[in-house]
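Along the sequence shown, the residues carry numbers beginning at 1. One-based numbering, in listed order, for ligands and for the atoms of each.
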Amino acid sequence: MSDLRKKWLTRPLLNLIKKVLPPISETEREAMEAGEVWWDAQLLSGKPDWDQLLNMGPPQLTEEEQAFIDGPVEKLCEMIDDWEISFEKRCIPEKVWDFLKKERFFGIIIPKEYGGLGFSPTAHADIVTKISTRSTSVGVTVMVPNSLGPGELLMAHGTDEQKDYYLPRLADGREIPCFGLTGVEAGSDAASMTDTGVVCYGDYKGEKTLGMRVNWHKRYITLGPVATILGLAFKLYDPDHILGDQEELGFTVALVPTDTEGVTIGQRHLPAMQAFQNGPNWGKDVFIPMEWIIGGQENVGRGWHMLMSALAAGRGISLPSLSTGGAKMAARMTGAYARVREQFSIPIGKFEGVQRRLAEIAGIAYVLDSAHKTTTRALDKGRKPAVVSAIMKAHATYGLRDAINDAMDIHAGKAIMDGPLNYVGNVYRAVPVAITVEGANILTRSLMIFGQGAIRCHPYLLDEMLAAENPDTEAGVTELDKLLPKHILFQVKTLLRGIFHGWTVGIFASSPKGVGYAAKYYRQLNRYSAILTLATEISLMSLGGELKRKELISARLGDVLSQLYLLSCTLKRFKDDGSPKEDRPLLEFAMRAGLHKIEQSLLEVYQNFPRRFLGHLMHFLTMPWGHSIHTASDRQARVCAELLMVPSETRDRLTRGVFLGNPGDGVDIVEQAFQKVCANEEARDKLKKGGIRMLNHDTIKEGLERNLISEEEAEKLREVADAVYKAIQVDHFDDLGQQSA
Ligand SMILES: Cc1cc2nc3c(=O)[nH]c(=O)nc-3n(C[C@H](O)[C@H](O)[C@H](O)COP(=O)(O)OP(=O)(O)OC[C@H]3O[C@@H](n4cnc5c(N)ncnc54)[C@H](O)[C@@H]3O)c2cc1C
């Protein structure tokens with residue numbers, strides 16, 4: 001029977017797989033092998049085991065980590081003047097640099113035995129988040145040495161000598177690192193780089209030494225202009241066969257001190273008016289010894305693998321931290337501003353149009369904060385979830401963009417006029433930087449999230465593809481034959497589950513025990529996990545390698561996976577917080593928005609599916625009733641927006657970790673005005689009841705004369721009026737240049 005099956009089923013299938021699925025290139029294989037799958041695999045199983053997620057518990061900081069955040073991080077934020085950094089000096093002042101070095105901000109992830117802080121991913125993320133709420137330039141400056149770059153690569157792959165020499169020097173800032181991957185021609189397609197090294201003998205410290213002669217031209221390199229050590233990626237060749245038979249040795253990464261002869265550090269770029277150091281560098285015939293390769297000669301050609309492994313975890317921390325900080329800042333300050341700024345004698349946050357946008361910001365901040373917490377918790381536990389990190393990078397930065405756009409619109413002129421009082425404008429300018437770096441978002445969304453997720457998370461597909469690629473065809477057939485029955489069973493279950501939950505709109509889907517009010521959302525996520533798994537199976541089977549070119553199908557399926565991830569983290573966070581009743585409006589708004597997006601993405605997949613019949617069939621099988629979940633109603637949006645416009649535990653919980661400004665600066669002025677407005681609402685209402693709607697010293701005087709308020713209340717209201725007047729001010733300058741008439 002088995003032989004017959006092999007002959008008539010497995011072998012033809014193997015040939016079919018070979019035909020429809022493109023061969024996996026070396027770089028793709030290395031990207032696929034980097035990191036691991038985690039909760040993403042559960043979401044793509046059609047039946048997620050929620051215990052795996054919920055039992056992880058909330059992220060925790062050690063006493064030492066918390067003390068660092070309350071101490072040096074707080075002090076750093078107090079020292080930072082973002083206007084001075086971004087517009088006056090266009091660089092970080094010396095005293096701030098010295099403080100960063102002294103307190104080992106550049107060694108957050110370097111183990112203690114090497115003189116670093118040895119903090120957990122959660123602590124690292126919380127530190128970057130808080131700093132970013134004060135200054136993106138300083139946030140990026142701290143983020144880079146602690147993320148993808150020499151420090152992380154050395155820890156994972158360096159030789160003992162390299163670690164012993166460099167890590168202590170990186171930890172205390174004696175060495176400033178940067179990492180050079182991007183070149184003029186090679187941006188997103190880093191593998192197309194034209195930077196090369198050629199194996200040769202050369203003179204090093206007066207001795208004939210085996211090494212490489214390297215030529216490169218990099219650009220956009222963060223910290224490049226001040227770096228003392230450059231992590232350099234190049235393609236290595238051995239035309240003279242000094243190392244062996246192979247001529248093309250592949251992508252290699254070395255550490256090059258920037259004072260090496262032949263290295264040129266260019267001038268600075270000015271990225272979106274942000275003041276962190278960034279610039280080009282190049283090298284002409286620079287001779288570097290073999291032992292400068294990270295991990296030594298044995299790591300020749302392993303550069304891509306090393307980078308991908310580092311990205312698998314690092315991408316889940318850096319930009320997501322910056323974005324979460326920005327979104328939480330937007331939520332806190334936009335709510336405050338919408339409460340103190342009045343037009344038509346009403347706080348602007350009371351207008352429905354503004355309320356909806358405020359609720360959107362609150363929802364985004366809630367989801368990003370939840371996903372950020374859950375992801376760093378997984379990293380704390382030693383996971384390296386590559387697809388999840390890509391989801392976080394793309395969707396946290398997109399979320400930041402949406403939140404900041406809304407914050408800009410609500411603040412209007414207040415956020416447009418630049419100056420020290422403006423706390424939104426510079427984050428707005430920084431958003432495209434976050435979207436572009438560490439894998440530009442369009443590419444990440446179109447190619448990586450689903451492209452990698454579907455194959456890696458699938459219980460059998462990768463093994464089947466490897467079986468098809470096995471040069472020993474007989475062995476390949478045997479491997480495939482073992483996988484086949486399991487895969488067919490999986491498909492049958494997936495089909496039945498997808499149809500059942502699709503037709504019954506998830507009402508019979510299960511939910512974990514003890515989740516109470518949130519159970520309905522667990523059911524919906526289970527429903528859409530089943531449907532996504534079915535859609536994935538049909539897409540992979542019918543499109544095969546064509547899926548790679550159908551980027552928008554891949555992107556939309558990736559959006560479904562991403563939303564499932566973000567929403568499941570949101571449910572976990574709600575549970576970790578003790579399922580507070582007061583936070584329900586946030587949960588409600590966020591879940592409805594995310595589920596609606598899931599439905600929209602699926603409908604667009606069906607509508608645009610290249611095999612039209614299959615598109616209609618999937619629609620009929622899984623979403624016969626079309627959209628079944630609406631975004632939050634206007635009433636729900638109002639309730640959600642109001643959470644940002646009153647001081648409350650919910651507001652504090654949502655925006656924990658935001659630096660609230662030094663006395664007298666832009667953030668502090670608005671926050672103080674907000675507190676005063678809310679604390680004196682009763683007295684203000686007395687004026688309103690008496691027909692006095694505007695608040696200023698004259699109207700307060702009138703209210704006092706008409707006995708609407710007491711002298712004590714009048715005094716408080718004068719303070720309110722003064723605070724609000726201050727809060728709505730913007731800067732103006734006398735040194736911007738004169739226009740000759
Ligand atoms: C401020 C800043 C700091 C940086 N810091 C560093 C650093 O420290 N070290 C370093 O090595 N690099 C750094 N970079 C480079 C960064 O990683 C690249 O900018 C990024 O990889 C994109 O390359 P590119 O800008 O050349 O865009 P391009 O590659 O030209 O891409 C243009 C657009 O096309 C899209 N695209 C490209 N290919 C595809 C595809 N197949 N499918 C769909 N869309 C696609 C991209 O998503 C993008 O939207 C930095 C960049 C910036 C702006």
Side-chain angles (χ1 to χ4, degrees), residues 22 25 27-28 31 86 90 136-137 139-153 176-195 216-227 229-234 251 253-256 258 265-266 268-282 303-304 306-308 310-311 314-315 318-319 322 390 393-394 397-398 401 426 429-452 547-556 558-559:
S25 71
T27 43
E28 277 173 321
S86 301
R90 295 219 188 281
T136 44
S137 290
V140 169
T141 301
V142 170
M143 174 200 298
V144 166
N146 287 295
S147 76
L148 180 68
E152 199 174 0
L153 291 171
I176 299 293
C178 70
F179 189 77
L181 174 67
T182 306
V184 178
E185 291 88 1
S188 304
D189 183 11
S192 70
M193 74 170 55
T194 51
D195 305 317
W216 74 89
H217 188 163
K218 304 290 184 188
R219 65 174 180 179
Y220 304 165
I221 308 306
T222 304
L223 294 188
V226 291
I229 179 89
L230 162 67
L232 183 68
F234 54 91
F251 208 89
V253 178
L255 285 184
V256 182
T258 52
I265 298 297
R268 285 177 63 188
H269 298 306
L270 182 55
M273 304 301 277
Q274 303 301 301
F276 60 86
Q277 298 287 324
N278 186 285
N281 61 68
W282 54 95
W304 195 247
M306 287 155 63
L307 285 182
M308 290 301 111
L311 264 185
R315 211 183 337 222
S318 309
L319 279 322
L322 186 144
K393 193 273 149 176
T397 51
Y398 275 147
R401 173 177 274 173
N426 214 24
R429 271 183 294 273
V431 169
V433 174
I435 293 215
T436 299
V437 298
E438 290 195 4
N441 273 12
I442 299 180
L443 174 132
T444 305
R445 174 175 174 258
S446 311
L447 277 184
M448 289 183 52
I449 294 176
F450 188 73
Q452 285 198 16
L547 195 53
K548 242 189 188 176
R549 291 185 296 280
K550 291 288 163 203
E551 282 196 348
L552 284 174
I553 298 293
S554 179
R556 290 177 184 120
D559 288 346

Point to revise | Full working for side-chain contact (heavy atoms from CB on, under 4.5 Å) between Asp559 and Ile449 | key: CA-CA 8 Å; Asp559 288 346; Ile449 294 176; over 6 Å; no
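Under 4.0 Å from any atom of ligand 1, one finds heavy atoms of residues Phe179, Gly180, Leu181, Thr182, Gly187, Ser188, Tyr220, Ile221, Thr222, Pro271, Phe276, Asn278, Val433, Thr436, Val437, Ala440, Ile442, Leu443, Leu447, Glu551.
Remark: Thr397 engages Leu319, Ser323, Lys393, Ala434, Ile435, Asn441 in a side chain to side chain contact (heavy atoms under 4.5 Å, CB included) (not counting sequence neighbours).
Side chain of Thr258 to backbone of Ala227: a donor-acceptor contact under 3.5 angstrom is found.
In this model, no donor atom of one side chain and acceptor atom of the other lie less than 3.5 Å apart for Trp282 and Asp195. A donor atom on one side chain and an acceptor atom on the other are found under 3.5 Å apart for Gln274 and Asn426.
Across Glu438 and Ser147, no two heavy atoms sit closer than the pair OE2-OG, 3.7 Å.
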